[in-house]
Visitor: 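Here's a structure for you.
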Amino acid sequence: MLRMSTLLLRTLRDDPADAEVASHKLLVRAGYVRRVAAGIYAWLPLGYITLRNIERIVREEMDAAGFQEVHFPALLPKDPYEQTNRWDEYGQDLFRLQDRRGNDYLLGPTHEEMFTLMVKGEYSSYKDLPLSIYQIQTKYRDETRPRSGIIRGREFVMKDSYSFDLDDEGLAISYEKHRSAYIKTFTRLGMNYNIVSAVSGAMGGSRSEEFLAPCPTGEDTYVLCEKCGYAANVEAMLTKVAPYSGESAPAMEVFDSPNTPTIDSLVDLLNSKFGPGHVAADTLKNVLLVADGKAISVLVPGDREVDLKRFQANLAGVHELRLFDDQDFVKYPGLVKGYVGPQDAKKLGITVYADPRVVIGSHWITGANQKDKHVRYVTHGRDFEIEGFIEAAEVKAGDTCPECATPVVIDRAIEIGHIFQLGRKYAQALDLTVLDKDGKSRVVTMGSYGIGVSRAVAAIAEQTHDEIGLCWPREVAPADIHIIAAGKGDQPFEMAEKFAQDIEAAGLRVMIDDRRDPSAGVKFKDAELIGIPFIMVVGKGLESGVVEFRNRKSGEKSELPLATALTTIISTIQEA
RNA sequence: CGGGAUGUAGCGCAGCUUGGUAGCGCACCAGGCUGGGGGUCUGGGUGUCGCAGGUUCAAAUCCUGUCAUCCCGACCA
């Protein structure tokens, strides 16, 4: 039983100054968490109980699916991460440290290497597969900018699983098992979520989906087709385009276009020079980038912006991508800022990619690679060639679904789970092989599956809170019922205590506000802030032989006669 | 990485322009009233004014440096 008279808890009346999002404000105000450093939080009793409830649910569902729990250290040696090249690839986001001998260590951001090595150390036959193992561990990522409180911290709790199979069919089965275990888990957590297709990442892997909890403060953007159910992270949304069917254009024609550094100014000039009817979509935007030190450009129609995250996610093998800066223009004197076109790219040593909308055969108005000059009738396939089509244009509301051509809706969400078919990257790098039926050595194929456990606390808070406080789903809440003793004298306290013991004896989790000093009003406010799903008030009603029973979420209140209150309350909660 | 801002009690903030040795609200402690919506009265200050230098008789305040934190942007080529 949780007793507020002794619970380590101090609720706050004011929002913390550094909090922006609701979950952050409320978790701090209600005394669930306290900030220790940027992106690093301590859990107070109420918060820790909540966190462990989520852990418990996750663990139960993993175990029910037949996965085995293991546990690795958070502090890891550099070596395995060097073998997979992640010591370098992970870059600045990796927390690194040295021991007294100067040896390098890291705080694990994920544990693919360790799991792979564990299986390698124990297993060597196809008969041992399939295998899925998981852990619930504290992870570390030195985010450039931790934000939104618990949602994006530098230290966080994550459940990560890894599956090991001999072949792709096995991997598909392991993947499906995780997928359904995740559905059960998030449903039990009382979350509203969508499963969306995601970019499987630069390192290959055939299938990847994210579990997203819709929420205005979320950092991820996804599209949803309300007609056919297609859902994708914006990074992964596919663009379906028809082949070019228009007439072929005349030869390229350069024209003067002073003072048109932007698309808008260019369109104005086109309309006055060549007659009205020109729009931004007739022009071709050339965005110059530096990808791992190499100059590249990406083409999108002039009415679209480039979504760099989306582009990078789809551009295999590039770790660092940034826009051209003035120094880069100095290095490539053939490129004139504001007047760039793809037709001279080969000559200038630029690799060109294009959004699928820039179809072969289409012609465009674009920069002439000379100051104050543009060129028209520049035709894809005739006047320039590209390295490949890459999804790069920003996704806009109203863009059409690639499956059924219905306009999609765009929404924001918090990523709470991610499942994906890793393939053989790690097994290959760390030489995880087993002998197959024919005695031949085969590289194992893997899947990797994550749930943000601490993030789920915040995501649930985001989805369930209201104006007055938190409002937990029952399984997640720190208790099933919050009993308030209110009023003068000993009687309400003694009665509340009795109820608390009886309700607990029925197997429910009870928190009792047995504090003598605070007035009833304070206790009500605290109860609403803390967000336990049912609230019972033992106080003034005693005079007329009743207690009050409230539903935190609906606000519904009822007065129950003392004689039947206990059984009514117990059955109501159990049925909830 | 770039831009903006802020560091003063557990939390939220004022004081800084014009230097004189720290204050308000909440919380907290003692006591009284009140006792169903963050009530009230009296008394109590719990502080390395982020840190380090400097100027000065005197620095929260002015100067320099440094550290930390928060917000915005990582885009119209």
Side-chain angles (χ1 to χ4, degrees), chain A residues 8-21 24-25 28-31 34-40 44 91-92 144-149 154 260-267 280 283-290 295-312 320-326 328-329 332 335-342 350 366-367 369 374 392-394 468-469 484-489 491-493 513 515-529 535 537-544 546-548 550 557 559:
Chain A
L8 175 53
L9 169 72
R10 196 106 300 162
T11 58
L12 305 175
R13 199 180 293 220
D14 298 313
D15 286 334
D18 58 358
E20 205 66 19
V21 301
H24 188 192
K25 290 177 182 170
V28 171
R29 279 190 54 209
R34 292 287 182 259
R35 196 185 76 97
V36 170
I40 303 175
L44 278 74
Q92 296 279 296
T144 14
R145 194 180 146 207
R147 65 186 110 180
S148 307
R154 295 194 293 172
T260 57
T262 65
I263 298 287
D264 282 348
S265 55
L266 176 60
V267 170
T283 69
L284 189 63
K285 192 181 282 187
N286 290 251
V287 179
L288 294 167
L289 301 161
V290 180
I296 65 170
S297 100
V298 55
L299 308 175
V300 296
D303 61 335
R304 294 268 171 175
E305 293 168 27
V306 168
D307 181 336
L308 277 184
K309 272 175 76 181
R310 178 163 144 87
F311 178 64
Q312 184 168 14
E320 201 208 324
L321 186 70
R322 60 172 179 82
L323 294 168
F324 245 54
D325 59 27
D326 290 343
D328 295 315
F329 277 104
Y332 292 88
L335 295 170
V336 184
K337 197 173 178 177
Y339 298 90
V340 180
I350 310 282
T366 191
N369 298 317
H374 276 79
E394 180 194 45
I468 55 177
I484 292 173
K488 255 180 111 166
Q491 199 204 7
F493 290 86
D513 194 343
R515 295 175 296 174
R516 291 282 183 154
D517 286 340
S519 66
V522 172
K523 293 183 176 185
F524 293 151
K525 292 285 185 204
D526 277 347
E528 284 150 0
L529 183 60
I535 299 167
V537 187
V538 182
K540 187 170 81 170
L542 291 177
E543 293 163 20
S544 44
V546 298
V547 292
E548 192 177 307
R550 306 179 179 183
K557 300 179 187 181
E559 297 204 322

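Owing to the predicted nature of the structure, the values given are computational and were not obtained by experimental measurement. Order of the sequence lines fixes the chain letters, A, B, ..., with proteins taken first and strands second; residue numbering starts at 1 for each chain.
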Visitor: When rounded to the nearest 0.5 angstrom, what is the spacing between CG in A:L321 and CD1 in A:I296?
Guide: 5.5 Å
Visitor: Could you identify the nucleotide paired to B:G73, looking across every strand shown and requiring Watson-Crick or G-U wobble geometry with both distances under 3.5 Å?
Guide: B:C1
Visitor: Going 5' to 3' along nucleotides 35-49 of chain B, which nucleotides have protein heavy atoms under 4.0 Å from the base (write B), which only from the sugar-phosphate (write S), and which from neither (write -)?
Guide: BBBBS----------
Visitor: Ignoring hydrogens and angles, tell me if any N or O in the side chain of A:R34 forms a donor-acceptor pair with the backbone of A:V28 under 3.5 Å.
Guide: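 Checked: pair present.
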Visitor: So which nucleotide does B:U6 pair with, by the Watson-Crick or G-U wobble rule with both distances under 3.5 Å?
Guide: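 Matched B:U6 with B:A68 under the 3.5 Å cut-off.
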Visitor: Mind calculating the distance between CD (A:E20) and C1' (B:C70) to the nearest angstrom?
Guide: 9 Å
Visitor: Considering Watson-Crick and G-U wobble pairs with both distances under 3.5 Å, what does B:G43 pair with?
Guide: B:C29
Visitor: Give the rounded distance in Å between these two atoms: CG of A:L299 and C1' of B:C75.
Guide: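 Answer to the nearest Å: 16 Å.
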Visitor: Kindly assign one of parallel, tilted or perpendicular to the pair A:Y332 and A:F324, based on the angle between their ring planes and the thresholds 30° and 60°.
Guide: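 Geometry flag for A:F324 against A:Y332: tilted rings.
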Visitor: Counting only Watson-Crick or G-U wobble pairs whose two distances fall under 3.5 Å, which nucleotide matches B:C24?
Guide: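 For B:C24, the partner nucleotide comes out as B:G12, under the 3.5 Å rule.
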Visitor: Give A:L323 one of three labels, base, sugar-phosphate or nothing, depending on what nucleic acid heavy atoms sit under 4.0 Å from its own.
Guide: base
Visitor: Given atom CG of A:D18 and atom C1' of B:C13, what is their separation to the nearest angstrom?
Guide: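 Value for this atom pair: 14 Å.
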Visitor: Let's see if you can work this out: which of B:U69, B:G12, B:A27 has an atom nearest to the side-chain heavy atoms of A:R10?
Guide: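 Given the options B:U69, B:G12, B:A27, the side chain of A:R10 is closest to B:A27.
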Visitor: Mind listing the closest non-hydrogen atom pair of A:G39 and A:P146 along with its distance?
Guide: CA-CB, 3.8 Å
Visitor: With C1' as the reference atom in both, quote the distance from B:U61 to B:C16 in angstrom, rounded to an integer.
Guide: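 Comparing C1' positions in B:U61 and B:C16 gives a spacing of 4 Å.
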Visitor: Touch check for A:V340, heavy atoms < 4.0 angstrom, all strands: base, sugar-phosphate only, or nothing?
Guide: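 Nothing: the residue A:V340, judged by heavy atoms under 4.0 Å, touches no strand.
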